[in-house]
Amino acid sequence: MRSTFDKALLFLAFTIVGSLQPAWALDNVSFTVAGSDSTLEDELKSASLVLAAEGDAEKDTRDVFAAALAEYGQLVQALYANGYYGGVVRVRVDGREAARIPPFDVPSNIRQIDVSVDPGKQFRFGTAKAAPLAPGTDLPDAFRAGEIAKSVTVQQAVDAAVLGWREAGHAKVDLASQTITANHANAQLSASLRFAPGPKVRFGKLRQTTESAVRADRVARIAGFPEGKVFSPDDLETVAKRLRRTGAFSSVTLTEAETLGPDNTLDIGLALVDEEPRRFGFGAELGSLEGLQLTAFWLHRNMFGGAERFRVDGEVSGIGSQHGGIDYHLDARLDQPATFGPDTNAFVFGSLAYEDEPGYIARSAALGGGIKRIFSDTLEGELGAALMYSETTDVLGDRRFFLFALPASLTWDRRNDKLDATRGTYLKAEAIPFISVDTGGTGAWLYGDGRAYRGFGAEDRFVVAGRVQVGSVIAGDSRDIPPDYLFYSGGGGTVRGQPYQSLGLDAGGGVITGGQSFVSLSAELRAQITDKIGVVGFVDAGHVAGGSLFDGAGDWHTGGGIGVRYKTPIGPLRLDVAGPISGDTGDGVQIYIGIGQAF
């Protein structure tokens, strides 16, 4: 009895040890495609599970054999997608057809897999019909007699027809029948699709199916669900976007009811997952002459249970600067979504600042509020009213400003990536009309920022980027203009290679003051060297004038250099080295370090 137990134990030990030994995986793959269509061959190889397994060291023999068995269906599907319906696929595992190897007789090791594909003839559509169609439906151009009969084209035709009916309000449209016949003798595929549109549907109730920290009445107000309107998939997506853009939810899911309600109404289920309510972040930028800039923020996404967004931003800049002193900024803003309809928010804000700039020193505070209108995914505007108070010291001495202002802005952002754009445009226009509460003097501060990006090469490996900044401030009496409303040029935000705010108007005695007009031009050529590392060449130019940009007065300066970018999940790390090209506002080399592209 003891001997039998010992033998069993020994056998179990050998079994366990054997199972821990790595099984022999795949040594070599041969993949051949008959014919001379290199594009088809590339697509078949991209779809191949066996080729993928060859390069995966973690797959064992069973995984490789499973890939060989699945290879037939994978490659046949790829053939159908390219219009080949009479192809022959063979997969041999060490000389044996994989499909004929019993599943309980998996080889202990696999040395060689040979995959061969004979695509046969490429089929074309004999007939291609889809009916009935909603008015205005555009089927794929390739879905017609004589065109290559790709299976993906048939699916695209189905999708287009279904979408057409749904956009016409028929939410429950269905593919009632399909007849697809392959004539191998003539290499033709005939496809006939028939649809059952069903009744025209109206939106029923929005039914929230999950709990949320955001109150249900506020969820409904933000969503702006179009109850009673004719069904539209675009309206449904708009509801989801409104909820997502609050930032209060990490997930928003809308589900159509399986059956229609009374009078052909369709209820929609809403499932929400709350985002973490609090968030904070920080950043830093360093310029060799401008010094160190530190920023931080604290954010609450659901301040009072109605998806209100409260954010506090702090900034300390000019630490170690060779021009000016240290600046301090503290800003707070509370946004309430859907205050005046689902696309119009309200906000209040306040700010405190101390600025020790080369041309002035200012201590200021502001308090105000306004509305934000979201016109589309790319266009939004703001209009506000504010009281602004500041005490300043500049070439005109100590002054006090107490202003009532109407700040407004319009932003059109069509960039594909806000942190590292390769395509698209960005336009922002700002205006701050103001009146002095003390003197009655009036004026307006105007500013525009335009950017454009164009990528070319494989995966936009190269990018040409350009930026134009234009500003002007007007007033009945120039003494009514606060010094922080005037314009300077030089530094990381305008002309790299020139010292910070080094270009202004000469006030005598080596002192400069800001100008009433300003323009800055920037151009970059960006090249991605590896997946992580990129290089940049750039040139910047800036102009400051005392009056109009077009009166011929004022000065220009330019700078340029090269930079390195290293991609991270929060944006590219940026290192720029620049020097002056023209102008007498600076000399020597300057270095800029930060996160994100320069623009």
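Since we're looking at a predicted model, the values are computed, not measured.
What you find for Ile222 and Pro337 is that their closest heavy atoms are CD1-CG, 3.8 Å. When all heavy atoms are compared, the tightest approach of Leu427 to Gly450 is CD2-CA, 3.7 Å. Between Phe599 and Ser522, the closest heavy-atom pair is CE2-CB, 3.8 Å. Of all the heavy atoms in Ser502 and Gly490, the pair that sits closest is OG-CA, 4.4 Å. Between Phe225 and Gly204, the shortest heavy-atom contact is CE2-O, 3.3 Å. Of all the heavy atoms in Val437 and Leu403, the pair that sits closest is CG2-C, 4.2 Å.
Legend: ring pair (Phe, Tyr, Trp, His ring centres under 6.0 Å) pairs involving residues 230-262, not counting sequence neighbours, sorted by first then second residue: Phe203-Phe231. Counting only residues at least two apart or in different chains, ring pair (Phe, Tyr, Trp, His ring centres under 6.0 Å) contacts with residues 343-380 are absent.
Counting non-hydrogen atoms of neighbouring residues, nucleotides and ligands closer than 6.0 angstrom, the CZ atom of Arg279 reaches no more than 12 such neighbours. By the neighbour-count criterion of 12 heavy atoms within 6.0 Å, atom CZ of Arg414 is sparsely surrounded, having that number or fewer from other residues, nucleotides or ligands. The environment of Arg454 atom CZ is sparse: at most 12 non-hydrogen atoms of other residues, nucleotides or ligands sit within 6.0 angstrom. Heavy atoms from other residues, nucleotides or ligands lying under 6.0 Å from CG of Asp531 number 12 at most.
Using modelled atom types, one finds a donor on one side chain and an acceptor on the other under 3.5 Å when comparing Asp398 with Thr393. Side chain to side chain, Gln322 and Tyr500 fail the donor-acceptor criterion of an N or O pair below 3.5 Å. Judged by distance alone, the side chains of Asn416 and Thr422 do bring a donor and an acceptor atom under 3.5 Å apart. A side-chain N or O of Ser212 and one of Asp274 form a donor-acceptor pair less than 3.5 Å apart. Side-chain atoms of Asp413 and Thr378 include no donor-acceptor pair closer than 3.5 Å.
The shortest side-chain heavy-atom distance between Arg451 and Arg415 falls under the 4.5 Å cut-off. In this structure, the side chains of Asp438 and Phe401 stay at 4.5 Å or more apart for every pair of heavy atoms. Residues Arg363 and Ser390 fail the side-chain proximity criterion, which asks for heavy atoms closer than 4.5 Å. Between Asp335 and Arg333 there is a side-chain heavy-atom pair separated by less than 4.5 Å. Looking at Arg526 and Arg565, their side chains never come closer than 4.5 Å, going by heavy atoms from C-beta outward.
Listed by chain and residue number, Asp267 satisfy the salt bridge (Lys or Arg N to Asp or Glu O under 4.0 Å) test with Arg207 (two or more places apart in sequence, or in another chain). The side chain to side chain contact (heavy atoms under 4.5 Å, CB included) check on Val535 picks up Ala527, Ile529, with sequence neighbours excluded. Arg373 pairs by the salt bridge (Lys or Arg N to Asp or Glu O under 4.0 Å) definition with nothing, not counting sequence neighbours. Evaluation of the salt bridge (Lys or Arg N to Asp or Glu O under 4.0 Å) rule for Glu430 yields no partner, not counting sequence neighbours. By the side chain to side chain contact (heavy atoms under 4.5 Å, CB included) test, Glu285 pairs with Gln293, Arg574, sequence neighbours left out. With sequence neighbours excluded, no residue forms a salt bridge (Lys or Arg N to Asp or Glu O under 4.0 Å) with Lys172. Evaluation of the ring-ring contact (aromatic ring centres under 6.0 Å, His included) rule for Phe456 yields Phe462 as partners, not counting sequence neighbours.
By the 4.0 Å N-to-carboxylate-O rule, Asp460 lies close enough to Arg423 to be salt-bridged with it. Salt-bridge formation is detected for the pair Asp343/Arg242: a Lys NZ or Arg NE/NH1/NH2 atom is positioned less than 4.0 Å from an Asp or Glu carboxylate oxygen. The residues Arg311 and Asp331 are annotated as not salt-bridged, no charged nitrogen and carboxylate oxygen being separated by less than 4.0 angstrom. In summary, Glu290 and Arg496 do not engage in a salt bridge, as defined by a charged side-chain N under 4.0 Å from a carboxylate O. Using a 4.0 Å cut-off between a side-chain N of Lys or Arg and a carboxylate O of Asp or Glu, Arg461 and Glu459 do not qualify as a salt bridge.
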N/O donor to acceptor pairs below 3.5 angstrom from side-chain atoms of residues 463-470, sequence neighbours left out:
unit_1 : atom_1 : unit_2 : atom_2 : d
Arg467 : NE     : Asp449 : OD1    : 3.2
Arg467 : NH2    : Asp449 : OD2    : 2.9
Gln469 : OE1    : Tyr447 : OH     : 2.7
Gln469 : NE2    : Gly493 : O      : 3.1

N/O donor-acceptor pairs under 3.5 Å from side chains in residues 297-307, not counting sequence neighbours:
unit_1 : atom_1 : unit_2 : atom_2 : d
His300 : ND1    : Asn302 : N      : 3.1
His300 : ND1    : Met303 : N      : 3.4
Arg301 : NE     : Gly247 : O      : 3.1
Arg301 : NH1    : Glu276 : O      : 2.6
Asn302 : OD1    : Gly305 : N      : 3.3
Asn302 : OD1    : Gly306 : N      : 3.1
Asn302 : OD1    : Ala307 : N      : 2.8
Asn302 : ND2    : Ala213 : O      : 3.4

Which donor-acceptor pairs under 3.5 Å do side chains of residues 556-563 form with protein atoms, sequence neighbours excluded?
unit_1 : atom_1 : unit_2 : atom_2 : d
Trp556 : NE1    : His543 : ND1    : 3.2
His557 : ND1    : Thr585 : OG1    : 2.9
His557 : NE2    : Ser489 : OG     : 2.9
Thr558 : OG1    : Ser582 : N      : 3.0
Thr558 : OG1    : Ser582 : OG     : 2.6

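Ring geometry, Trp445 versus Tyr485: the interplanar angle falls from 30° to 60°, so the pair is classed tilted.
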